[in-house]
*Asks:* 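The following block contains the structure, expressed as structure tokens.
First the proteins, then the strands, lettered A, B, ... as listed; each starts at 1. Being a predicted model, the structure only gives us computed values, none of them experimental. Just so it is clear, the values below take in all heavy atoms, side chains as well, and ignore hydrogens, waters and symmetry mates.
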Amino acid sequence: MGVWAQVGTGDDLLATTGDYLRLWSVAEDGSVSQKCLLNNNKNSEFCAPLTSFDWNETDPTLVGTSSIDTTCTIWNVETQQARTQLIAHDKEVYDIAFAPSQDVFASVGADGSVRMFDLRSLEHSTIIYESPDLVPLLRLGWNKQDHNYLATILMDQSKVVILDIRAPSLPVAELKGHSSCVNSIAWAPHSSCHICTAGDDSQALIWDLSQMPKPIDDPILAYTAAAEVNTLQWSSSQPDWVGIAFDQKLQILRV
Amino acid sequence: MTACENKKKEIYTYDAPWVVYAMNWSVRASQKFRLAIGSFIEEYTNKVGASYVAFPTRTNQRASHAQIEVIQLNEEMGKFECTATFDHPYPSTKIIWAPDKVGWRSTPVGGAG
């Protein structure tokens with residue numbers, strides 16, 4: 001429990017992925033210290049970079065990481081032990097997302113598939129979607145307000161694919177508002193039918209999906225940044241603010 | 001600037017010392033407008049070469065030097081301020097702040113949720 005000795009103080013915790021999953025403590029005075037490094041790699045000569053991770057909001061002791069070595073690992077960050085490591089895809093895994101529940105997660109990767117797993121029965125997975133020509137899938141977002149919906153993006157493509165786990169295989173909607181490749185997606189934290197998308201066309205677009213399965217033709221809001229938008233995050237504690245990163249700038253926008 | 005004028009402001013911009021890649025919001029209600037941002041540097045340059053000593057290359061791998069900044073909006077000044085900078089031994093692919101769930105860190109293992 002040494003890592004968790006800060007309970008009751010004002011310290012905040014931050015997790016990052018890169019070579020490994022690391023937890024950092026951010027003290028009230030602003031100082032930052034590494035609390036732990038989680039490594040499940042038996043081979044000490046190499047490390048397989050982690051492409052992404054997700055923190056389970058229902059059970060915050062659980063963090064899931066995705067790796068270029070085709071695996072996903074579910075960590076208990078309280079005990080700092082890997083709860084399970086599984087070969088999730090045939091190729092590199094690029095992203096992982098927990099459902100708004102304790103046990104279910106999904107991943108995407110270079111094999112072009114979205115696969116869904118249940119921690120209570122890991123013997124099999126469910127393929128939710130396979131992209132045309134198995135184009136790699138780069139990002140995955142799980143709607144936290146309505147667990148039926150996932151969003152993913154295809155490598156070098158300008159559309160965003162919305163999936164309904166009740167009707168696998170075919171997208172329930174395709175959002176075609178970007179004129180260049182999409183880099184980032186974020187479901188609204190407070191609404192089940194809004195999603196923000198951003199990409200190389202410097203645009204951040206907000207879509208209203210309440211009319212699905214009718215086609216969604218246009219976004220309801222658009223913002224043009226000064227350069228290609230690399231990353232986008234919607235604030236869960238202040239849902240009227242969205243953050244975008246482009247070039248050397250971080251910008252927050254009131255929605 | 002008054003709080004009332006601030007309320008109308010729609011955009012705040014922070015100029016980072018490097019290209020920003022990973023980024024995320026603190027979810028704590030008490031830490032409004034606090035974010036962490038990560039640099040995207042593919043390999044060493046001369047400028048950061050000194051850090052090479054601190055982060056020796058792993059066998060058969062080219063190590064990369066990267067940084068993370070914690071920034072917070074000073075609402076009175078209407079400006080972002082950097083409150084912490086730390087080195088990250090490889091560019092961060094993602095950053096997430098701990099979920100703000102009361103008491104989870106003191107919950108017995110496996111007993112949460």
*Asks:* Check whether B:Phe86 gets within reach of chain A through its side chain, its backbone, both or neither, counting any heavy atom under 4.5 Å.
*Replies:* side chain
*Asks:* Check each atom of A:Leu232 against the heavy atoms of chain B and say whether the ones under 4.5 Å are side chain, backbone, both or neither.
*Replies:* backbone
*Asks:* Which bit of A:Phe246 is near chain B, if near means a heavy-atom gap under 4.5 Å: side chain, backbone, both or neither?
*Replies:* neither
*Asks:* Can you name the closest pair of heavy atoms from B:Leu35 and A:Ile252 and give their distance?
*Replies:*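 Minimum heavy-atom separation between B:Leu35 and A:Ile252: CD1-CG2, 4.3 Å.
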*Asks:* Using the salt bridge (Lys or Arg N to Asp or Glu O under 4.0 Å) criterion, which residues pair with A:Asp156? Sequence neighbours excluded.
*Replies:* none
*Asks:* Nearest 0.5 angstrom please: B:Asp100 CG to A:Ser236 OG, how far?
*Replies:*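 It comes to 8.5 Å.
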*Asks:* Can you tell which of A:Ser237, A:Ser101, A:Ser33, A:Ala227 has the highest number of heavy-atom pairs within less than 4.5 Å of chain B?
*Replies:* A:Ser237
*Asks:* If you tally heavy-atom pairs under 4.5 Å against chain B, which of A:Asn230, A:Thr231, A:Asp240 wins?
*Replies:* A:Thr231
*Asks:* Does any heavy atom of chain B fall under 4.5 Å from the side chain of A:Val229, the backbone, both, or neither of them?
*Replies:*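 For A:Val229, there is no contact with chain B at all, as no heavy atom is under 4.5 Å.
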*Asks:* Answer with side chain, backbone, both or neither: which region of B:Ser26 has an atom nearer than 4.5 Å to a non-hydrogen atom of chain A?
*Replies:* both
*Asks:* Can you name the nearest heavy-atom pair linking A:Trp24 to B:His88, along with the distance?
*Replies:* CZ2-CD2, 3.6 Å
*Asks:* As an exercise, state the distance from CH2 of A:Trp241 to NZ of B:Lys32, rounded to the nearest 0.5 Å.
*Replies:*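 If we round to the nearest 0.5 Å, A:Trp241:CH2 and B:Lys32:NZ are 10.0 Å apart.
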*Asks:* On a heavy-atom basis, which atom in B:Ser92 and which in A:Thr16 lie closest, and how many Å separate them?
*Replies:* CB-CB, 4.4 Å
*Asks:* Name, in order of residue number, those residues of residues 181-191 of chain A that have a heavy atom at a distance of less than 4.5 Å from a heavy atom in chain B; otherwise write 'none'.
*Replies:* none
*Asks:* With a 4.5 angstrom heavy-atom cut-off, which part of A:Val26 approaches chain B: side chain, backbone, both or neither?
*Replies:*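 Just its side chain gets close to chain B.
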*Asks:* Is there a side-chain contact (heavy atoms from CB on, under 4.5 Å) between A:Asp12 and B:Arg28 once you walk through the steps?
*Replies:* CA-CA 8 Å; A:Asp12 206 350; B:Arg28 279 198 177 177; 3.5 Å; yes
*Asks:* Below 4.5 Å from any heavy atom of chain B, which atoms of A:Arg22 appear? Answer side chain, backbone, both or neither.
*Replies:* side chain
*Asks:* Starting at NZ of B:Lys9, measure out to CZ of A:Arg254 and round the result to the nearest 0.5 Å.
*Replies:* 11.0 Å
*Asks:* Starting at CH2 of B:Trp97, measure out to CG of A:Leu14 and round the result to the nearest 0.5 Å.
*Replies:*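 Rounded to the nearest 0.5 Å, the CH2-CG separation comes to 5.0 Å.
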*Asks:* So, using side chain to side chain donor-acceptor pair (under 3.5 Å) as the criterion, who are the partners of B:Glu69 when residues are at least two apart?
*Replies:*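 Checked B:Glu69 against side chain to side chain donor-acceptor pair (under 3.5 Å); matches are B:Tyr14.
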*Asks:* B:Met23 and A:Leu250: which non-hydrogen atoms are nearest, and at how many Å?
*Replies:* CG-CD2, 3.5 Å
*Asks:* List in chain and number order the residues that pass side chain to side chain donor-acceptor pair (under 3.5 Å) with A:Thr51, two or more places apart in sequence or in another chain; answer none if no residue qualifies.
*Replies:*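 Once residues adjacent in sequence are excluded, the partners of A:Thr51 under the side chain to side chain donor-acceptor pair (under 3.5 Å) criterion are A:Ser66.
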*Asks:* Just by distance, do the side chain of B:Thr93 and the backbone of A:Thr17 share a donor-acceptor pair under 3.5 Å?
*Replies:*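 Between the backbone of A:Thr17 and the side chain of B:Thr93 there is a qualifying donor-acceptor contact (under 3.5 Å).
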*Asks:* What part of B:Phe33 lies closer than 4.5 angstrom to a heavy atom of chain A: side chain, backbone, both or neither?
*Replies:*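 When you check distances to chain A, atoms from both the backbone and side chain of B:Phe33 fall under 4.5 Å.
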*Asks:* Tell me if a side-chain donor or acceptor on B:Lys94 pairs with a main-chain N or O of A:Phe53 at a distance below 3.5 Å.
*Replies:*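 Side chain of B:Lys94 to backbone of A:Phe53: a pair is present.
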*Asks:* Any idea which of B:Val27, B:Ile37, B:Thr13 has the most non-hydrogen atom pairs under 4.5 angstrom with chain A?
*Replies:* B:Thr13
*Asks:* Ignoring hydrogens and angles, tell me if any N or O in the side chain of A:Ser235 forms a donor-acceptor pair with the backbone of B:Trp25 under 3.5 Å.
*Replies:*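 Judged by distance alone, no pair lies under 3.5 Å.
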*Asks:* Decide side-chain contact (heavy atoms from CB on, under 4.5 Å) for A:Gln248 and B:Val20; before the verdict, give the C-alpha distance in whole Å, the side-chain angles of both, and the deciding distance to 0.1 Å.
*Replies:* CA-CA 5 Å; A:Gln248 296 199 14; B:Val20 182; 5.6 Å; no
